[in-house]
Number of protein chains: 2
Amino acid sequence: MEIKDATLALAALGQATRLSVFRLLVEAGPEGRMAGDIADALSLPGATLSFHLKELSAAGLIQGEQRGRFICYRADFETMNELITFLTRNCCGGQPDAACLPATKKVAEKATKRARA
Amino acid sequence: MEIKDATLALAALGQATRLSVFRLLVEAGPEGRMAGDIADALSLPGATLSFHLKELSAAGLIQGEQRGRFICYRADFETMNELITFLTRNCCGGQPDAACLPATKKVAEKATKRARA
DNA sequence: CTTTTATTTCCATTTCTCTAGAATATTAGA
DNA sequence: TCTAATATTCTAGAGAAATGGAAATAAAAG
């Protein structure tokens, strides 16, 4: 992930309504939730939710899939993991001893394994 | 970390200039870097950098310390880890099998250990 | 093909954010 | 104390983002 993509994703998450939507989808897992369901859960007007879903999609953080006349949205966990990797990458100049971000090593390992698989 | 703090931190990072500044400090590690040094590295006018440093400070992502007539800024790794924990918390309803966010388990463990220490 | 339901796009309004020059503060050294 | 160096606050203008009602679109059911 490049800085441009990371900025886009972080800006998308740096907004209260969108962060709530995203967290809802992270907790929902791979099954996701219907748009209207999300609107109900967060008491959002359709137009407002739609605007935010679009932003999250553009940032690659969620994906929507038509299901009958509903649309099912899911969190994109791969993007999320890339984002975390980006944020913690080369922490403290890459010296493992410094270990300022405990996530760094483990997350990086996992990401590498997944990329190879 | 609460949603309000997470939003603040993510909004702070969701801006190209600030993300660059923060990444610079993450890579610098606990030693940090002087404000002027950062301005040079990123070719930023003083007023602009100062504005962004203030935002990052307000979000708890960095801290400044006076050193002679310089000010040394460092990344706040604890906040960063809390943020990652927040984002990945209760992924997929907390079912470990789902494992959509590999970071979840490891990061959460580490964060808990540190909090107890 | 018409209606119902789900969601999105359009649009105008309001609000917040970014930028950087100029002025101000703070510290150290001569 | 006076000056140079470093960094912050003030300020205003330009631009971007958020909101939500109304209209449009898309899909399925009758």
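Chain letters run A, B, ... following the sequence lines, proteins first and then strands; every chain starts at 1.
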*Can you tell me the distance, in whole Å, between the NE2 atom of A:His52 and the P atom of C:dT7?*
17 Å

*Which nucleotide in the set C:dA28, C:dA22, C:dT7 lies at the smallest distance from any side-chain heavy atom of B:Arg69?*
C:dA28

_Both A:Glu55 and B:Lys54 contact DNA chain D. Taking the nearest nucleotide for each, which residue is further toward the 5' end?_
B:Lys54

_salt bridge (charged side-chain N to carboxylate O under 4.0 Å, His left out) between B:Glu65 and B:Arg74, intermediate numbers included_ = CA-CA 8 Å; B:Glu65 185 200 357; B:Arg74 296 186 235 88; 2.5 Å; yes

_CD on B:Gln15 to CG on B:Leu56, rounded to 0.5 Å_ = 9.0 Å

_Under-4.0 Å side-chain N/O to phosphate OP1/OP2 contact, B:Thr48 with C:dT19_ = no

*Closest heavy-atom contact between B:Ala12 and B:Leu61?*
CB-CD1, 4.0 Å

*Base, sugar-phosphate alone, or nothing: which one does B:Ala47 contact when heavy atoms must sit under 4.0 Å apart?*
base

*5'-most by nearest nucleotide on DNA chain D - A:Gln15 or B:Asp37*: B:Asp37

*Touch check for B:Gly46, heavy atoms < 4.0 angstrom, all strands: base, sugar-phosphate only, or nothing?*
base

*Expressed in angstrom and rounded to an integer, what is the separation of B:Met34 atom CE from C:dT27 atom C1'?*
14 Å

*Between P of C:dA20 and CG of B:Leu44, the distance in whole Å*: 8 Å

*Write down the distance between CG (B:Leu49) and P (C:dA20), rounded to a whole number of angstrom.*
12 Å

*Does a nitrogen or oxygen in the side chain of A:Tyr73 sit under 4.0 Å from OP1 or OP2 of C:dA6?*
no

*Atom-to-atom span, CG of A:Asp40 to C1' of C:dA6 - whole angstrom*: 11 Å

*Using a 4.0 Å heavy-atom cut-off across all strands, classify A:Arg67 as base, sugar-phosphate, or nothing.*
nothing

*asked:* Rounded at 0.5 Å granularity, tell me how far CD in A:Glu27 sits from CZ in A:Arg23.
replied: 4.5 Å

*From B:Ser20 OG over to B:Leu42 CG, what is the distance, rounded to the nearest 0.5 angstrom?*
6.0 Å

*asked:* If I take atom CD in residue A:Glu65 and atom P in nucleotide C:dA6, what distance separates them, rounded to the nearest angstrom?
replied: 18 Å

_Taking every non-hydrogen atom, the tightest pair across B:Leu53 and B:Ala35_ = CD1-CB, 4.4 Å

*Distance in angstrom units between A:Gln66 CD and C:dA6 P, rounded*: 13 Å

*asked:* For the CG atom of A:Leu25 and the CE atom of A:Met80, what is their distance to the nearest 0.5 Å?
replied: 12.5 Å

*Walking along DNA chain D from 5' to 3', note the first and the last nucleotide with an atom under 4.0 Å from a heavy atom of chain B, and give both.*
D:dA4 to D:dT9

